[in-house]
Each structure stands twice: as C-alpha cells, then as structure tokens.
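What follows is a single structure, written as structure tokens, with notes after it.
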Amino acid sequence: YNTMETIVWMAESGDQRKVIEIVQALSRFFRLTLSNGHDIVIVDDEVSCIENYLFIQKIRYSDVLEYDVQVAANTRSLRLPKICLQPLVENALYHGIKPARRRGYIKVDIRIQADRLVLSVVDNGMGMNQGKLILLRKSIYERKVGEINEKSNGGFGLANVHQRIQLRYGNEYGLFINSEQNVGTTVCLFLPIRNED
C-alpha cells in the first residue's frame with residue numbers, strides 16, 4: 001500500500017521516469033515472490049527479490065537509506081525457502097533505520113560458513129538494549145506456531161521465518177539476533193546447504 005501511495009505521489013508530481021522504475025521493480029518483486037507457486041527458490045531469485053524491494057524503499061526513503069547486497073558466488077544456485085530475506089530487511093528498515101532519524105545503512109550478506117548457508121542482515125540503526133533484545137528473542141524463539149496475540153512482543157515476521165526454517169530443517173537452523181543500542185542490529189539466518197528441492 002505504501003508503495004502504491006508513493007507511485008501516486010510521483011505520478012501527481014509528474015516524475016514519469018521514477019513511476020516507471022518503481023512499477024517495474026514492484027512487478028519484478030511480485031513475480032519473484034509468487035515464484036510460480038514454488039515454496040523453494042534459488043539464492044539468486046531471493047536476492048533479486050530483495051534487490052527490487054530495497055530499490056523501492058530507496059526511492060521512498062532516499063534521504064535516510066543506503067544499502068549493499070553481497071552474495072558469495074558459491075551460494076547463488078543453492079536452494080532455500082522463499083521470502084526468507086524480505087522480513088529481515090523490512091525489520092532492519094522499519095525498526096532500525098527509520099526510528100534512528102539519521103542516514104542509515106543496511107548490508108545483506110550471503111555466504112557459506114561452517115557448512116551452513118548464512119544470510120545476514122546488518123543495520124546501523126537504533127539497535128536495542130539487552131532487555132529489549134531478550135524480549136525479542138523470547139517472542140521469536142518461544143512463540144508457538146501461528147501464535148499472534150496482543151501480548152506478543154512484536155517480531156511477527158522474524159518469528160514466521162524462524163518457525164518456517166525450524167519446521168522444515170530442524171532446531172539447529174533458524175535465526176540468531178544480536179543488537180546494541182544506538183549501534184545497530186545483526187540478524188543471521190542459518191540454513192542447511194541444499195542443491196535440490
């Protein structure tokens with residue numbers, strides 16, 4: 001909805017080039033997220049999805065957002081559940097960069113480390129103190145599948161990714177979060193190395 005409002009605003013201001021660019025990025029984003037109905041995609045497709053998402057956000061938040069996406073060549077054809085990265089990046093933007101009210105930076109890094117595929121999202125935003133970090137971890141790690149209620153401490157997107165990964169691959173995989181107030185947050189997603197569906 002926010003992207004649609006941005007498109008309307010750009011159209012009203014007569015910025016046709018930006019309207020075309022954002023509509024094309026949004027179209028590619030939807031195509032990649034739908035993935036012809038497949039639940040498993042290759043890293044390259046997941047990266048393309050997140051690059052389109054970040055391109056759209058960069059247009060919307062050009063005054064506060066910079067980003068970088070780095071992908072190790074040996075990971076590009078590996079397979080993973082789709083829409084693993086977008087919730088992590090969205091969380092970094094909306095809970096890290098935007099509240100900091102200063103120019104922010106998001107780095108997405110994908111590589112193989114210790115026989116696991118590691119997807120990390122690092123931001124230099126607000127971060128959080130240890131108390132909030134403990135509550136967030138608890139809301140992600142201890143939430144029952146599908147549990148969302150008014151007493152939850154946020155982290156719905158992160159909890160969804162964590163639960164999907166653990167249900168598919170087991171408890172040794174999933175999210176790890178670290179944060180420091182006024183420094184930033186790092187979210188790492190650990191996955192098994194898979195070359196097939």
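The hydrophobic clustering, which links ILVMFWY residues whose side-chain heavy atoms are closer than 4.5 Å, places V122 and L175 apart.
Side chain of S179 to main chain of G184: a donor-acceptor pair is present (N/O by atom type, distance under 3.5 Å, no hydrogens or angles). Proximity of a side-chain donor or acceptor of R116 to a complementary backbone N or O of Y173 within less than 3.5 Å is not detected. A side-chain donor-acceptor contact under 3.5 Å links Q166 to the backbone of N171. Between the S27 side chain and the V23 main chain, no donor and acceptor come within less than 3.5 Å of each other. Here the side chain of R137 pairs a donor or acceptor atom with the backbone of I177 at under 3.5 angstrom. With hydrogens and angles disregarded, no donor-acceptor distance shorter than 3.5 Å links the side chain of R101 to the backbone of V64.
Between D68 and Q70, the side chains place a donor N or O and an acceptor N or O closer than 3.5 Å (distance only, hydrogens not considered).
Aromatic ring pairs are classed by plane angle as parallel below 30°, tilted from 30° to 60° and perpendicular above 60°; the pair Y61 and Y94 is perpendicular.
Counted within 6.0 Å of CZ on R102, heavy atoms from surrounding residues, nucleotides or ligands total more than 12; the atom is thus considered enclosed. Atom CD of E172 is surrounded by more than 12 heavy atoms from other residues, nucleotides or ligands within 6.0 Å.
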- [ ] Go through the steps to decide whether F190 and F176 satisfy the test side chain to side chain contact (heavy atoms under 4.5 Å, CB included), and finish with yes or no.
- [x] CA-CA 8 Å; F190 297 100; F176 176 77; 3.8 Å; yes
Open item on the list: Could you go through E12 and I7, starting from their C-alpha distance and side-chain angles, then the distance that decides it, and tell me whether this counts as side chain to side chain contact (heavy atoms under 4.5 Å, CB included)?
Closed with: CA-CA 9 Å; E12 287 174 346; I7 292 168; over 6 Å; no
TODO: Mind running salt bridge (Lys or Arg N to Asp or Glu O under 4.0 Å) on E66 and R103 for me, showing each step along the way?
DONE: CA-CA 8 Å; E66 294 294 333; R103 196 151 194 78; 2.5 Å; yes
